[in-house]
Amino acid sequence: MPVWKTFSHNGIAFPDPYVPKGLSIRFQGQEVKLSPLAEEMAYQFAKKKDTPYVQDPVFRSNFMKYFTKQLPPPANKAKFEDVDFAQFYRFVDKERADKESMTKEEKKSLAATRKEAREKLKAKFGKAILDGKEIDLANYLAEPPGLFMGRGAHPLRGSWKPRITPQDVTLNIDESVEELTTEFGKFGEIVHDHESIWVARWIDKLTGKEKYVWPHESSDIQQSRNREKYDKAKKIGENLSDLQKEIRSKLSSRDRKEREVASVCYLIDEVGMRVGDEKDEDEADTVGATTLRVEHIKRLDNQAIDFDFLGKDSVKWVKTLPNPDPILVRNIGDFMKNKKPGDQIFENIGSAQVNAFLSEIIDGISAKVFRTYHATRTVQEYLGSKNMKKASDLEKLYFAKYANLEAAIYCNHKRTIPKTWEESLKKKEQKLEDYKAKGKEQMVAKMQKEIDLTKKTKEYNLNTSMKNYIDPRIYKQWCDEVGLDWNKLYTKSLQRKFSWVAPRPPDGEEEDEAPAPAKPRA
DNA sequence: TTCGTGACTTAGAAAGCCGGAC
DNA sequence: GTCCGGCTTTCTAAGTCACGAA
């Protein structure tokens with residue numbers, strides 16, 4: 001089904017070419033002159049010198065594999081330990097120091113220059129006209145070359161991701177354009193795919209994966225898809241008992257495959273697992289429900305099932321399913337029988353089988369919709385658990401954040417704990433004491449709340465659930481009920497993304513509407 | 001029925017900006 | 001007015017899922 005009639009834009013922009021700085025490395029006591037590409041690689045590596053990444057032997061050796069290919073003999077046989085990058089390290093240190101030592105005026109003018117350049121680029125490449133209406137594009141700049149920053153134990157981490165050129169890029173645009181050349185060059189291919197909304201596409205030269213440029217999430221087309229997603233999740237809620245009845249009944253199917261599918265659905269519904277499709281050898285070893293291995297089940301009995309594995313983004317996934325259905329326990333026990341720790345529990349099933357089963361029960365439902373549904377429901381139940389009408393704005397805000405946290409916990413949205421976490425907590429506690437001593441009651445109350453939230457969100461990140469999982473209509477309705485400005489919960493860009501829920505005035509018009517200035521978010 | 005591919009959504013880390021506390 | 005930490009935005013990796021071909 002076509003989704004657009006006319007679609008025009010100027011293609012995408014490309015990052016500046018690398019400007020060689022005349023730096024060199026030393027190998028076996030000798031200075032080695034570098035080609036521009038070799039220098040660019042070493043420079044990118046040096047920029048990471050103070051991060052944990054460069055301590056990782058795999059990251060280093062992958063980097064060296066690509067770097068040494070650009071070096072003349074005998075340096076092309078160099079090991080990481082044999083190469084002296086001191087000149088590069090000094091260079092990036094100096095760059096940082098220079099940046100820091102700039103006066104305020106210099107910093108300001110630099111920021112202004114950069115902003116101007118960015119806006120100029122955005123004016124030409126950051127927009128498209130879709131069916132006569134101007135929309136923003138999301139990522140209109142091609143990805144720059146650099147070191148591949150795969151998560152977890154990705155086998156390619158540290159490898160060189162090559163530069164892409166306009167020749168490598170395919171544009172999706174309407175028939176009024178047959179070829180396109182910009183200041184960056186001529187685009188490799190033009191297609192007119194009326195059924196797709198991508199703007200540009202290329203193949204990542206390192207990983208072989210497709211990369212896309214999309215309409216911004218504030219565009220009508222993205223917003224309507226977003227709304228459909230949440231409507232679909234609602235459908236799960238309306239039919240949950242049917243779904244669960246069907247899943248439970250198929251747990252004891254005579255057909256093994258059907259029992260596997262039902263067991264996986266049970267896990268997806270009850271503990272919020274992802275479906276977990278098969279991955280390639282050259283990717284990080286992470287799993288979801290269908291790819292769970294024997295070694296990932298730490299306990300299995302009628303009281304509990306304990307899980308411990310690495311999920312998407314190599315995030316540790318440790319949860320307990322209390323009081324599981326005994327038939328599920330029996331199934332999983334059966335599936336694990338006579339298997340080694342590294343063997344998969346479920347055989348020959350993946351998202352295709354799971355989704356075929358689910359969409360048979362309710363049209364259009366797939367595995368991932370359960371996470372949307374449960375995250376949203378979690379927030380809704382939390383918000384409904386207490387009457388906040390008489391509370392202060394501050395209390396309402398924190399209450400809303402705790403609801404958000406419940407969803408993040410459900411979805412297992414973890415973060416690495418910031419290095420400065422302990423330190424910053426101490427500072428807050430100190431501040432609290434100061435406020436107490438000075439008798440600043442309001443500030444005491446505020447700081448107490450801040451400290452409590454800091455502790456509870458130590459290892460969780462709330463943004464992902466806010467952006468992708470919680471139906472914004474739930475928060476909107478609650479805000480209206482308790483009398484809280486919805487804008488205090490959502491950032492400016494989320495307000496734009498969710499303007500289908502609460503329309504906001506076009507940019508630039510807000511300030512003109514006197515008398516009260518728009519209140520900033522807390 | 002399986003498999004590969006292409007389109008689209010979800011994800012945490014890093015960069016960058018901005019507003020509150022002094 | 002300044003400074004710094006935290007919050008927001010950007011970036012791009014890593015998932016899901018439908019579809020068409022074999």
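Here is the naming used below: chain letters follow the sequence lines, and residue numbers restart at 1 for every chain.
- Here M443(A) lies in heavy-atom contact (under 4.0 Å) with sugar-phosphate atoms only.
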All N/O pairs under 3.5 Å across the protein-nucleotides 20-22 of chain C interface:
none

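- Scanning for side-chain hydrogen bond (donor to acceptor under 3.5 Å, both in side chains) contacts around D280(A) gives an empty result, with sequence neighbours left out.
- In this structure, H154(A) reaches the dA14(C) phosphate: one of its side-chain N or O atoms is under 4.0 Å from OP1 or OP2.
- Residue K446(A) places at least one side-chain N or O closer than 4.0 Å to OP1 or OP2 of dA21(B).
- In terms of position along DNA chain C, the nucleotide closest to S424(A) lies nearer the 5' end than the nucleotide closest to the other residue of the pair A138(A) and S424(A).
- Rounded to a whole Å, the CG atom of D280(A) is 16 Å from the P atom of dA13(C).
- At a non-hydrogen distance threshold of 4.0 Å, E195(A), S196(A), I197(A), W198(A), R201(A), E210(A) from residues 194-211 of chain A come into contact with DNA chain B.
- Which of dA7(B), dC17(C), dG15(C) sits closest to the side chain of K279(A) comes down to dG15(C).
- Residue G288(A) is out of contact with every strand shown, counting any heavy-atom pair closer than 4.0 Å.
- Base-pairing analysis of DNA chain C finds the following stems of at least three consecutive Watson-Crick or G-U pairs, with both pairing distances under 3.5 Å: B:1-22 with C:1-22.
- The salt bridge (Lys or Arg N to Asp or Glu O under 4.0 Å) pairs that include a residue from residues 346-361 of chain A are R256(A)-E347(A), K339(A)-E347(A), where partners are two or more places apart or lie in different chains.
- A donor-acceptor pair shorter than 3.5 Å cannot be found between the side chains of H413(A) and N463(A).
- Looking at residues two or more places apart in sequence or on another chain, you find no salt bridge (Lys or Arg N to Asp or Glu O under 4.0 Å) involving D193(A).
- Dashed line: the shortest gap from a side-chain N or O of T420(A) to OP1 or OP2 of dG5(C) is not under 4.0 Å.
- Side-chain proximity of V275(A) to the nucleotides dA21(B), dT9(C), dT16(C) is greatest for dT16(C).
- Residues that satisfy the side chain to side chain contact (heavy atoms under 4.5 Å, CB included) test with T170(A), not counting sequence neighbours, are E189(A), V191(A), W198(A), R201(A).
- Distances shown here put a side-chain N or O of Q222(A) below 4.0 Å from the OP1 or OP2 atom of dT9(B).
- Two rings, from F148(A) and H154(A), have their centers less than 6.0 Å apart.
- For the side chain to side chain donor-acceptor pair (under 3.5 Å) condition, the pairs that include at least one residue of residues 116-126 of chain A, sequence neighbours left out, are K124(A)-E183(A).
- Atom CG of D363(A) sits in a sparse spot, with 12 or fewer heavy atoms from other residues, nucleotides or ligands closer than 6.0 Å.
- At least one side-chain nitrogen or oxygen of S493(A) sits closer than 4.0 Å to the OP1 or OP2 atom of dT9(C).
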Ignoring hydrogens and angles, write down the donor-acceptor pairs under 3.5 Å from the side chains of residues 51-58 of chain A, residues two or more places apart or on other chains.
residue, atom, partner, partner atom, Å
T51(A), OG1, K48(A), O, 2.8
T51(A), OG1, Y53(A), N, 3.3
D56(A), OD1, V58(A), N, 2.9
D56(A), OD2, R157(A), NE, 2.5
D56(A), OD2, R157(A), NH2, 3.3

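- Under the side-chain hydrogen bond (donor to acceptor under 3.5 Å, both in side chains) criterion, T376(A) pairs with no residue at all, not counting sequence neighbours.
- Across the protein-nucleic acid pair, E278(A) atom CD and dC17(C) atom C1' stand 15 Å apart, rounded to whole Å.
- Residue N355(A) is in sugar-phosphate contact alone, with no base atom involved, counting any heavy-atom pair closer than 4.0 Å across all strands shown.
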Exercise. Determine, for nucleotides 10-16 of chain B in 5'-to-3' order, which nucleotides have protein heavy atoms under 4.0 Å from the base (write B), from only the sugar-phosphate (write S), or from neither (write -).
Key: BSBSS--

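- Nucleic acid contact class of P144(A) (heavy atoms, under 4.0 Å, all strands): sugar-phosphate only.
- Aromatic rings from F498(A) and Y490(A) are positioned such that their centres are separated by under 6.0 Å.
- For E422(A), the salt bridge (Lys or Arg N to Asp or Glu O under 4.0 Å) criterion is met by K458(A), not counting sequence neighbours.
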